[in-house]
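Count residues from 1 along the sequence.
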Amino acid sequence: MASVTSLTASVHQRLAHALTAALPEAGTDPLLRRSDRADFQANGILALAKKAKANPRELATQVVARVESGELIKEIEVSGPGFLNITLTDRAITENLAARYADADARLGVPLAEHPGTTVIDYAQPNVAKEMHVGHLRSAVIGDAMVQILEFTGENVVRRHHIGDWGTQFGMLIQYLDEHPHELDHKETDGDLQASGEAAMSNLDRLYKTARKLFDSDEEFKTRARRRVVDLQAGAPATLAAWQKFVDESKIYFFSVFDKLDMEVRDADIVGESGYNDMLAETCRLLEESGVAVRSEGALCVFFDDVKGPDGNPVPLIVQKSDGGYGYAATDLSAIRDRVFHLKSDTLLYVVDARQSLHFKMVFETARRAGWLNDGVTARQLAFGTVLGKDGKPFKTREGETIRLVDLLDEAIDRATAVVREKAEKIGLSEREIVENGRYVGIGAVKYADLSTSAVRDYKFDLDQMVSLNGDTSVYLQYAYARIQSILRKAGGAGPAARPEVGLAPAERALGLHLDQFGETLAEVAESYEPHKLAAYLFRLATLLTTFYDQCPVLKAETSAQMENRLFLVDLTARTLHQGMALLGIRTPEKL
């Protein structure tokens with residue numbers, strides 16, 4: 001089905017034509033906004049009148065005289081020094097929503113991008129042989145939401161999980177296990193694959209920390225470990241086989257954690273640091289031959305006029321170390337080459353901790369100087385802040401350790417399941433539904449708390465607030481959806497049907513006008529990479545729905561036509577909540 005033109009766009013078009021007719025030499029943007037005084041307010045006439053040296057109120061009056069009203073605009077009046085207050089007809093609102101409701105493609109009338117590009121999203125980047133901790137949460141959740149949103153708007157999206165699977169730490173770990181083979185203890189966990197994967201990763205993580213401690217304190221072991229890194233880079237069979245075993249075991253664990261997060265992560269999308277190993281030497285050669293990078297004290301470096309250390313001396317991006325080893329910069333630059341020239345992407349989006357902003361600033365600038373990024377190919381870091389505890393400090397255990405992600409998710413599910421169980425008997429949930437809904441509510445609560453906060457800001461992790469039915473939480477939105485499903489089940493033989501001839505109460509108008517803005521909200525979120533704006537839209541939708549419930553009886557409406565129209569309104573609201581929450585990676589249970 002073709003996309004549905006929003007009411008905002010239709011009104012904007014009418015005003016723009018009237019402005020052009022009244023003042024041909026001026027611009028045509030009426031600066032249309034939603035308003036508390038009417039359905040919309042146009043504020044652009046003041047600036048246009050000033051530019052044309054005209055009286056703004058007189059110009060506003062001329063525009064009003066030229067606006068076509070009819071079935072769309074019920075009333076338009078001049079207010080104050082030259083504002084326009086516009087009220088739409090009830091019929092226009094209902095007919096517009098009916099077109100969205102009838103969308104056979106279930107897109108709610110949201111258009112696909114006319115000229116989609118290809119975006120590579122780099123997100124959810126755990127490390128091999130290390131347990132995922134709370135610090136990995138935001139990249140996974142924000143990245144997955146942006147994947148869903150961009151794909152829904154029609155963008156070609158390539159997912160990339162740049163896992164840490166190469167370098168000195170693996171030579172260190174392999175050497176340690178070669179010398180202490182008895183410490184690789186694999187315990188069976190009653191056939192539970194997920195628990196077994198978590199136990200194996202916990203053991204690997206413990207071994208890594210032990211090996212790290214020895215590496216830092218024993219120079220002879222450090223030398224042996226570095227020789228093992230050389231073997232790894234050279235592809236020595238035994239060393240490579242040991243490394244591959246760590247990678248495979250880690251992936252099983254990663255998949256189990258992402259499954260718990262209700263995220264799809266495909267093996268083909270995991271291209272770690274090792275995936276670019278064969279490109280590193282060529283990347284360095286290209287940078288050095290082009291003069292973008294220079295040798296400094298044996299290392300291959302890129303310098304920047306605006307990046308200096310505390311002593312005032314330049315701080316370079318080190319692409320290759322003086323001992324010939326490669327750093328993160330070489331891998332990241334090789335990844336850019338692969339994504340631009342092999343994957344043919346025109347946008348590179350990195351969902352990475354804000355603390356790495358300087359690194360990516362230097363990497364992107366280096367790629368621009370090399371010609372790999374240009375006007376047709378852009379790279380951007382979607383930087384995010386830190387997860388904090390209730391005390392406003394970085395979220396850690398009482399012992400000061402970083403909190404394991406699986407522990408945090410399990411606790412969220414347990415808390416949510418307890419909340420669901422309290423209401424289970426009243427709404428007739430089976431034990432299976434209690435467990436399933438507990439997971440959806442718990443994981444949804446964690447995701448929404450993250451996504452409802454601007455990515456660049458830190459946020460406090462407070463499970464008590466997250467699973468609350470009150471306030472700006474996913475549970476509030478999930479409950480709004482489930483409440484609508486309950487009403488639809490109780491409607492009996494009556495079904496949702498748009499009735500344009502039925503007048504709308506103020507709460508119905510407010511709900512309908514907000515539903516109309518769904519597509520525009522998604523377009524803005526896709527352009528700015530700000531999923532918190534979608535969360536804010538959905539919370540406002542649920543809030544308007546609550547007001548609607550209080551003021552507009554559905555099953556006890558005055559007439560059958562009014563009941564059908566209100567059922568239509570709430571059903572479209574449910575579909576919009578369901579679709580919007582799905583784009584944030586959150587499920588909407590039918591009963592809650």
F170 and A129: which non-hydrogen atoms are nearest, and at how many Å?
CE2-CB, 4.5 Å

Does any N or O in the side chain of S250 come within less than 3.5 Å of the main-chain N or O of V128, such that one atom is a donor and the other an acceptor?
no

Salt bridge (Lys or Arg N to Asp or Glu O under 4.0 Å) between D462 and K390: does it pass, once the steps are laid out?
CA-CA 6 Å; D462 183 348; K390 290 183 183 180; 3.7 Å; yes

Mind checking whether H514 and Y537 have parallel, tilted or perpendicular rings, split at 30° and 60°?
parallel

Taking the six-membered ring for Trp, are F539 and Y476 ring centroids under 6.0 Å apart?
yes

Evaluate the side-chain proximity of T473 to Q478: yes if any heavy-atom separation is below 4.5 Å, no if none is.
no

Quick one, L382 and E530 - any side-chain contact, counting heavy atoms below 4.5 Å?
no

Should we say atom CZ of R457 is surrounded by more than 12 heavy atoms from elsewhere, each under 6.0 Å from it?
no

dist T94:OG1 -> L504:CG (nearest 0.5 Å) comes out at 4.0 Å

Using modelled atom types and a 3.5 Å cut-off, is there a donor and acceptor pairing between side-chain atoms of Y448 and backbone atoms of A535?
yes

Roughly how far, to the nearest 0.5 Å, is the CG atom of D346 from the OG1 atom of T119?
6.0 Å

Correct closest heavy-atom pair for A480 and Y549 would be O-OH, 4.2 Å

Pair D353, R138 - check salt bridge (Lys or Arg N to Asp or Glu O under 4.0 Å), show working.
CA-CA 8 Å; D353 192 314; R138 300 206 73 184; over 6 Å; no

E411 vs R415, test: salt bridge (Lys or Arg N to Asp or Glu O under 4.0 Å). Steps then yes/no.
CA-CA 6 Å; E411 185 179 356; R415 294 275 193 97; 3.2 Å; yes

With rounding to the nearest 0.5 angstrom, report the NE2 to CD distance, H578 to E590.
8.0 Å

Does A482 offer a backbone N or O that forms a donor-acceptor pair with the side chain of S486 under 3.5 Å?
no

Please check if the side chain of R100 supplies one atom and the backbone of L108 the other of a donor-acceptor pair under 3.5 Å.
yes

Decide if atom OH of Y328 counts as having more than 12 heavy atoms of other residues, nucleotides or ligands within a radius under 6.0 Å.
no

Is the backbone N or O of G117 less than 3.5 Å from a side-chain atom of E155, with the two atoms forming a donor-acceptor pair by type?
yes

Report, as yes or no, whether the 6.0 Å neighbourhood of atom OH on Y208 holds more than 12 heavy atoms from other residues, nucleotides or ligands.
yes

Looking at D269 and R266, does any basic side-chain N land under 4.0 Å from a carboxylate oxygen?
yes

Is the closest side-chain heavy-atom distance between K423 and L469 below 4.5 Å?
yes

Run the numbers on H161 and F254 for ring pair (Phe, Tyr, Trp, His ring centres under 6.0 Å), then give the verdict.
CA-CA 11 Å; H161 306 294; F254 297 156; 9.7 Å; no

Could you tell me whether the side chain of E508 and the main chain of A505 form a donor-acceptor pair under 3.5 Å?
yes

I'd like to know whether H359 forms a ring pair (Phe, Tyr, Trp, His ring centres under 6.0 Å) with Y350, so could you lay out the CA-CA distance, the side-chain angles of the two residues, the decisive distance to 0.1 Å, and finally the verdict.
CA-CA 12 Å; H359 169 77; Y350 292 76; 9.4 Å; no

Flag the pair F360 / R380 as yes when at least one side-chain heavy-atom distance between them is below 4.5 Å, and no otherwise.
no

Please determine whether the number of non-hydrogen atoms from other residues, nucleotides or ligands lying under 6.0 Å from atom CZ of R509 exceeds 12.
yes

Under 3.5 Å donor-acceptor, R107 side chain and V110 backbone
yes

Please report the interatomic distance CG(D450) to OG(S474), rounded to the nearest 0.5 Å.
12.0 Å

Minimal heavy-atom distance between A416 and V441, with the atoms involved, is CB-CG1, 3.7 Å

Keeping S345 on the side-chain end and L348 on the backbone end, is there a donor-acceptor pair under 3.5 Å?
no

Counting C-beta onward and ignoring hydrogens, is there a side-chain heavy-atom pair between D165 and W243 closer than 4.5 Å?
yes

Side-chain contact test, heavy atoms from C-beta onward, threshold under 4.5 Å: evaluate it for R587 versus M581 and give yes or no.
no

Could you walk me through whether E520 and S6 satisfy the side-chain contact (heavy atoms from CB on, under 4.5 Å) test, starting with their C-alpha distance in whole Å, then the side-chain angles of each, then the deciding distance to 0.1 Å, before giving a yes or no?
CA-CA 8 Å; E520 292 170 357; S6 72; 2.5 Å; yes

Taking every heavy atom of G275 against every heavy atom of V271, the minimum-distance pair comes out as CA-CG1, 4.2 Å

Minimum heavy-atom separation for P496 and L488, please, with both atom names.
CG-CD2, 4.1 Å

Answer yes or no: is there a side-chain heavy-atom contact under 4.5 Å between R159 and E151?
yes

Any side-chain to backbone donor/acceptor pair from Q148 onto A582? Under 3.5 Å, distance only.
no

Minimum heavy-atom separation for P394 and L388, please, with both atom names.
N-CD2, 3.8 Å

H180 and Y176 aromatic ring geometry - parallel, tilted or perpendicular at 30°/60° bounds
parallel

May I ask you to check whether over 12 heavy atoms, not counting those of E425, lie within 6.0 Å of atom CD?
no

Nearest-0.5 Å distance, CG of residue L409 to CD1 of residue I403
11.5 Å

Spell out, as yes or no, whether a donor-acceptor pair under 3.5 Å connects the side chain of K447 to the backbone of L261.
yes

Check whether any side-chain heavy atom of L515 sits under 4.5 Å from a side-chain heavy atom of N96, and report yes or no.
no

Stepwise salt bridge (Lys or Arg N to Asp or Glu O under 4.0 Å) test for K533 and E527:
CA-CA 11 Å; K533 291 183 177 179; E527 184 177 357; over 6 Å; no

